[in-house]
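What follows is a set of notes on a single structure, which appears directly below.
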Number of protein chains: 2
Amino acid sequence: MGVKINMNGEKRLEQARERVIDAISQNMHLYGVTESVGRLYGALYFQEGPMTLDEMKEELGMSKTSMSTSVRNLVDLKMVDKVWRKGVRKDLYQAEYDWYQTFTDFFTIKWRAGVSINVSAMEKSLGELRLLMEDEQVDEHIKESAQIDIQKITAALEYYDWLNRLVDSFESQEIFKLVPKKQ
Amino acid sequence: MGVKINMNGEKRLEQARERVIDAISQNMHLYGVTESVGRLYGALYFQEGPMTLDEMKEELGMSKTSMSTSVRNLVDLKMVDKVWRKGVRKDLYQAEYDWYQTFTDFFTIKWRAGVSINVSAMEKSLGELRLLMEDEQVDEHIKESAQIDIQKITAALEYYDWLNRLVDSFESQEIFKLVPKKQ
DNA sequence: AAATATGTACAGAAAAAACTGTACGGAGTG
DNA sequence: CACTCCGTACAGTTTTTTCTGTACATATTT
């Protein structure tokens with residue numbers, strides 16, 4: 001019995017998909033998303049039509065609990081939508097196919113969160129440092145350091161303002177004026 | 001003995017810094033950088049002048065080995081530079097203060113890496129799928145699936161081309177035309 | 001050349017994160 | 001209402017990552 005020269009078409013299709021799914025999940029991993037979650041997104045991306053938790057579990061060979069938390073993760077990132085089908089009782093999930101949108105949502109969510117954490121901390125500290133500057137009991141060379149810190153924080157706040165405006169340009173799609181979708 | 005009403009200026013300064021450092025490291029954590037590495041960056045950011053590994057170790061209360069790997073991490077991300085001072089034998093490291101630049105470098109590094117992983121995987125799979133389409137021995141309904149995959153991958157490649165051009169606009173500073181540094 | 005500093009590779013320990021199975025609440029069905 | 005089905009909270013296990021201490025290679029000083 002000779003070796004089968006022409007691999008079965010189904011297997012070839014499967015392999016081609018698998019390679020891309022691996023790359024996608026590796027890529028998402030760079031952005032702080034678990035590899036499993038990335039693979040799940042990949043599976044949903046190539047799936048024709050939405051999937052149930054049980055199908056995901058089957059497809060990835062993982063527990064249903066994991067599928068539940070992973071898919072919730074993806075929904076939070078707006079990379080996957082919960083969809084509804086008449087007569088289907090189970091929850092159905094479908095990949096978001098528009099990667100421009102996905103990109104925008106992903107970074108909007110991440111960056112806005114980051115900005116908000118930092119800005120509030122910095123404003124609070126900035127207030128304290130200004131008070132310190134006005135306090136006559138505080139040592140002069142401490143004030144010098146505080147003054148330097150104030151400048152650093154002020155510069156950082158300017159940067160965060162910029163980042164916020166950058167996110168705005170993503171959300172408003174203005175970014176596509178500068179960098180259009182098709183070359 | 002009453003409670004000390006006016007906290008010592010040094011301590012107040014320290015606290016104001018600490019809060020900001022925490023926020024910075026939390027923020028960096030969102031981008032997949034360890035919290036320790038984030039704190040190290042924060043320490044370097046507020047430090048006046050560059051630091052040695054031993055000073056970092058002292059400041060963060062961690063092992064020198066950790067400082068060595070963490071700071072290398074930051075250097076790779078171009079968030080910290082190794083600097084040289086006449087007469088100083090130890091390696092000196094200094095935070096990059098320009099956050100616009102830091103942002104640009106960070107995402108350029110990450111995104112270019114991601115794009116490259118994905119594009120090569122997708123091109124390879126695309127080639128295989130096209131071969132599969134031309135193969136007469138392959139079942140018709142497999143071909144239908146392959147055709148759909150080809151479309152999905154093609155769309156994804158277009159997106160990656162866009163992402164590459166977006167990174168270009170960061171590197172060339174053109175992004176600042178659309179979203180200027182100061183409002 | 002010997003002695004002293006300095007940074008990092010590496011292996012093992014500690015900590016954190018991911019994953020699973022069970023249990024349970026709530027929604028839908030008969 | 002009883003029964004079934006579905007998704008997820010939670011505790012415990014497994015896996016991965018981070019951190020440390022020792023050992024060593026390289027560079028500098030004596």
Side-chain angles (χ1 to χ4, degrees), chain A residues 21-22 24-44 47 49-77 79-94 110 113, chain B residues 21-22 24-44 49-77 79-94 110:
Chain A
I21 291 176
D22 275 0
I24 290 174
S25 83
Q26 237 179 295
N27 190 32
M28 287 173 67
H29 193 65
L30 284 177
Y31 302 155
V33 175
T34 306
E35 235 178 272
S36 302
V37 174
R39 277 203 307 280
L40 177 59
Y41 176 80
L44 285 161
Q47 187 73 18
M51 286 175 94
T52 66
L53 289 180
D54 285 311
E55 285 165 350
M56 296 174 202
K57 167 188 143 127
E58 186 65 27
E59 179 76 23
L60 302 197
M62 291 178 75
S63 72
K64 198 171 175 181
T65 303
S66 288
M67 295 304 95
S68 174
T69 56
S70 294
V71 87
R72 184 220 293 257
N73 214 317
L74 289 168
V75 169
D76 288 347
L77 293 171
M79 298 186 68
V80 163
D81 300 314
K82 195 172 187 172
V83 298
W84 185 86
R85 283 279 166 90
K86 186 174 161 183
V88 178
R89 240 169 88 187
K90 303 187 180 189
D91 292 355
L92 291 170
Y93 296 94
Q94 183 166 46
K110 283 230 164 188
Chain B
I21 290 176
D22 275 0
I24 290 174
S25 84
Q26 237 180 295
N27 190 33
M28 287 173 66
H29 194 66
L30 284 177
Y31 302 155
V33 174
T34 305
E35 235 178 271
S36 302
V37 174
R39 276 203 309 278
L40 177 58
Y41 176 79
L44 284 162
M51 286 175 97
T52 66
L53 290 180
D54 286 310
E55 286 166 349
M56 296 174 201
K57 166 189 145 128
E58 186 63 28
E59 179 77 25
L60 303 196
M62 291 179 74
S63 72
K64 199 171 173 181
T65 303
S66 287
M67 295 305 94
S68 175
T69 55
S70 294
V71 86
R72 184 220 293 261
N73 213 317
L74 289 168
V75 169
D76 288 348
L77 293 171
M79 297 186 69
V80 163
D81 300 314
K82 194 173 186 170
V83 298
W84 184 88
R85 284 277 166 93
K86 186 172 159 185
V88 178
R89 236 168 93 186
K90 303 188 179 190
D91 293 355
L92 290 171
Y93 296 93
Q94 183 166 46
K110 285 229 165 190

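Worth saying up front: this structure is predicted, and the values here are computed from it rather than measured. Below, chain A is the first sequence line, B the second, and so on; all start at residue 1.
The interatomic distance linking A:Arg72 (CZ) with D:dC10 (P) rounds to 11 Å, in whole Å. Counting to the nearest Å, the C1' atom of D:dG7 and the CE atom of A:Met56 are 12 Å from each other. Here the P atom of nucleotide C:dT8 and the CG atom of B:Asp76 are 11 Å apart, to the nearest Å. Rounded to an integer number of Å, the gap from B:Met67 CE to D:dC19 P is 8 Å. The separation between A:Leu53 atom CG and D:dT8 atom C1' is 10 Å, rounded to whole Å. With rounding to whole Å, A:Arg85 atom CZ is found 19 Å from C:dG28 atom P. Look at CH2 on B:Trp84: it is 11 Å from P on D:dT28, rounded to the nearest Å. Rounded to an integer number of Å, the gap from NE2 of A:His29 to P of D:dT17 is 6 Å.
Side-chain nitrogen and oxygen atoms of A:Arg89 include none within less than 4.0 Å of the OP1 or OP2 phosphate oxygen of C:dG26. Contact annotation: A:Ser66 does not reach the phosphate of C:dC19 (side-chain N/O to OP1 or OP2, under 4.0 Å). In this structure, B:Arg39 does not reach the D:dC19 phosphate: none of its side-chain N or O atoms is under 4.0 Å from OP1 or OP2. Close to C:dT8, at under 4.0 Å from its OP1 or OP2, lies no side-chain N or O of B:Lys64. OP1 or OP2 of C:dT20 has at least one side-chain nitrogen or oxygen of A:Ser63 nearer than 4.0 Å.
Between the side chain of A:Thr34 and the backbone N or O of A:Val37, no donor-acceptor pair lies under 3.5 Å. Distance alone, capped at 3.5 Å, is enough to place a donor-acceptor pair between the B:Lys110 side chain and the B:Tyr31 backbone.
One N or O donor and one acceptor, one from the side chain of A:Thr65 and one from the base of C:dG21, sit under 3.5 Å apart.
Of the two residues near DNA chain D, A:Asp91 and B:Ser36, the one whose nearest nucleotide lies more 5' is A:Asp91.
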**Message:** Checking A:Val33 against A:Asn73 for the side-chain contact (heavy atoms from CB on, under 4.5 Å) test, could you report, in this order, the C-alpha distance in whole Å, the side-chain angles of both residues, the deciding distance, and whether it holds?
**Reply:** CA-CA 9 Å; A:Val33 175; A:Asn73 214 317; 5.6 Å; no
**Request:** Check the pair A:Gln26, A:Leu30 against side-chain contact (heavy atoms from CB on, under 4.5 Å), reporting the backbone distance first and the verdict last.
**Result:** CA-CA 7 Å; A:Gln26 237 179 295; A:Leu30 284 177; over 6 Å; no
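With a 6.0 Å radius and a threshold of 12 heavy atoms from other residues, nucleotides or ligands, B:Glu58 has its CD atom at or below the threshold.
Among the heavy atoms of the strands lying under 4.0 Å from B:Thr34 are primed sugar atoms or P, OP1, OP2 only; no base atom is included.
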